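See structure below.
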Amino acid sequence: MKMIRFGSLVIIGFLLGLAITNMLTCHRIDNILEIQKILEMDLEEAQMKIESLEKSKQTLDQSVIKEIIVEVEISERDFAISEAQQFLKELLREQVGKKIEEVDIELIYKSINNRIAEFDDKRYQFRVKYIVLSKTLCIKVVMKKISTTLQE
């Protein structure tokens with residue numbers, strides 16, 4: 001009887017240990033997949049930047065936009081910030097490689113300000129806080145959640 005009880009406890013302990021190890025491994029894998037997704041987006045952005053700069057065929061002396069920096073501000077903690085940054089960089093990617101004199105800041109402002117975007121079934125509205133134009137186009141927007149679901 002004691003042997004059966006001892007054997008049962010060993011088996012239960014073994015199964016609990018396997019379950020905990022499995023849970024920790026799954027959590028680590030999820031973190032690694034999220035990091036991989038971010039790195040893939042960064043790589044894609046860098047490739048687009050290189051293609052745009054090669055297409056422009058500008059000399060080093062000319063003033064062209066070489067990089068886009070997007071800062072997103074939101075009042076509450078939200079995981080859609082990285083998606084919003086990627087979305088805005090995608091909107092502005094055509095600006096990389098352009099001469100600074102040819103960039104229409106008013107058009108950039110109008111295309112982003114009050115724009116509504118959807119991330120993870122939530123709708124957000126962007127408000128442009130500022131745009132700085134030099135060899136780096138820097139734009140800061142405030143993102144506000146306007147509703148949780150789409151209205152049909």
Side-chain angles (χ1 to χ4, degrees), residues 1-56 60 64-98 103 105 107-152:
M1 188 66 168
K2 288 184 180 181
M3 198 65 146
I4 294 173
R5 186 177 291 168
F6 179 72
S8 321
L9 288 175
V10 168
I11 291 172
I12 290 172
F14 180 73
L15 292 175
L16 282 174
L18 281 176
I20 291 171
T21 304
N22 187 26
M23 202 167 58
L24 291 174
T25 304
C26 288
H27 180 68
R28 250 190 201 163
I29 289 173
D30 287 343
N31 287 340
I32 290 171
L33 289 175
E34 184 66 29
I35 291 170
Q36 179 185 5
K37 181 180 174 185
I38 291 170
L39 290 174
E40 285 175 351
M41 287 190 301
D42 290 345
L43 177 63
E44 183 179 326
E45 177 186 334
Q47 287 173 339
M48 283 189 274
K49 194 184 312 181
I50 288 170
E51 288 174 9
S52 296
L53 289 173
E54 286 175 352
K55 285 180 185 175
S56 69
L60 294 176
V64 295
I65 296 178
K66 295 186 178 183
E67 185 178 8
I68 297 174
I69 297 175
V70 176
E71 296 177 28
V72 177
E73 184 180 295
I74 190 165
S75 60
E76 57 194 49
R77 182 173 166 86
D78 200 328
F79 295 105
I81 288 178
S82 62
E83 291 177 5
Q85 286 176 328
Q86 190 65 27
F87 173 76
L88 292 171
K89 283 183 180 181
E90 185 72 25
L91 282 176
L92 298 170
R93 76 171 181 199
E94 298 293 324
Q95 303 303 318
V96 175
K98 267 191 176 179
V103 175
I105 294 180
L107 182 64
I108 293 173
Y109 176 82
K110 286 181 179 180
S111 67
I112 294 175
N113 197 47
N114 293 326
R115 181 179 280 266
I116 296 174
E118 180 184 344
F119 308 109
D120 298 328
D121 295 332
K122 297 176 187 169
R123 296 178 71 190
Y124 298 92
Q125 184 175 26
F126 298 113
R127 295 269 186 209
V128 176
K129 217 171 183 184
Y130 63 79
I131 299 174
V132 178
L133 180 61
S134 64
K135 289 188 177 184
T136 300
L137 174 63
C138 185
I139 184 166
K140 184 165 187 171
V141 297
V142 177
M143 188 167 85
K144 180 182 175 188
K145 189 162 132 181
I146 56 175
S147 69
T148 55
T149 58
L150 289 174
Q151 298 174 358
E152 297 180 10

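Sequence positions, counted from 1, serve as the residue numbers for this chain. Owing to the predicted nature of the structure, the values given are computational and were not obtained by experimental measurement.
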State which residues pass salt bridge (Lys or Arg N to Asp or Glu O under 4.0 Å) with K110; sequence neighbours excluded, sorted by chain then number. E106
Measure across V64 and G97 and return the closest heavy-atom pair with its distance rounded to 0.1 Å. CG1-O, 3.8 Å
Should E90 and R93 be marked as a salt bridge (Lys or Arg N to Asp or Glu O under 4.0 Å) after you check the CA-CA gap, both sets of side-chain angles, and the distance that decides it? CA-CA 5 Å; E90 185 72 25; R93 76 171 181 199; 2.6 Å; yes
Could you point out which residue of L16, V10, L15 forms a side-chain contact (heavy atoms from CB on, under 4.5 Å) with I12? L16
State which residues pass side chain to side chain contact (heavy atoms under 4.5 Å, CB included) with S134; sequence neighbours excluded, sorted by chain then number. T136
All ring-ring contact (aromatic ring centres under 6.0 Å, His included) counterparts of F126, not counting sequence neighbours: none
Enclosure of I4 CD1 (heavy-atom neighbours >12, cutoff 6.0 Å): no
Applying the side-chain contact (heavy atoms from CB on, under 4.5 Å) test to V128, which of I112, I108, N114, V142 qualifies? I112
Over all atoms of both residues, closest heavy-atom pair of A117 and F87: CB-CE2, 3.9 Å
Side chain to side chain contact (heavy atoms under 4.5 Å, CB included) against F14, all qualifying residues, sequence neighbours excluded: L18
Taking the side chain as everything from C-beta on, heavy atoms only, tell me whether F119 gets closer than 4.5 Å to Q86. no
Got a sec, which residues hit side-chain hydrogen bond (donor to acceptor under 3.5 Å, both in side chains) with Q36, two or more places apart in sequence or on another chain? E40
Gap between atom NZ of K98 and atom CG of L92 - 0.5 Å precision: 10.5 Å
Using the side-chain hydrogen bond (donor to acceptor under 3.5 Å, both in side chains) criterion, which residues pair with E45? Sequence neighbours excluded. K89
Taking side chain to side chain donor-acceptor pair (under 3.5 Å) as the cut-off, I'd like each qualifying pair that reaches into residues 2-17, sequence neighbours left out, listed once. none
Is the shortest side-chain heavy-atom distance between I65 and L133 below 4.5 Å? yes
Kindly give the heavy-atom pair with the smallest separation between V103 and Q95, and that separation in Å. CG1-OE1, 3.7 Å
side-chain hydrogen bond (donor to acceptor under 3.5 Å, both in side chains) filter on N113, not counting sequence neighbours, yields Y109
Side chains of I139 and L88, heavy atoms from C-beta outward: is any pair under 4.5 Å? no
Sorted by chain and residue number, the side chain to side chain contact (heavy atoms under 4.5 Å, CB included) partners of I116 (sequence neighbours excluded) come out as R123, Q125, I146
Partners passing salt bridge (Lys or Arg N to Asp or Glu O under 4.0 Å) against R115 (at least two apart in sequence or in another chain): none
Atom pair NZ (K122) and CE (M143), whose distance is rounded to the nearest 0.5 Å: 9.5 Å
According to side chain to side chain contact (heavy atoms under 4.5 Å, CB included), who are the partners of I29, at least two apart in sequence or on a separate chain? T25, L33
Interatomic distance, OG@S82 vs NZ@K37, rounded to 0.5 Å, equals 6.5 Å
Residue set satisfying salt bridge (Lys or Arg N to Asp or Glu O under 4.0 Å) with K129, at least two apart, ordered chain then number -> E73
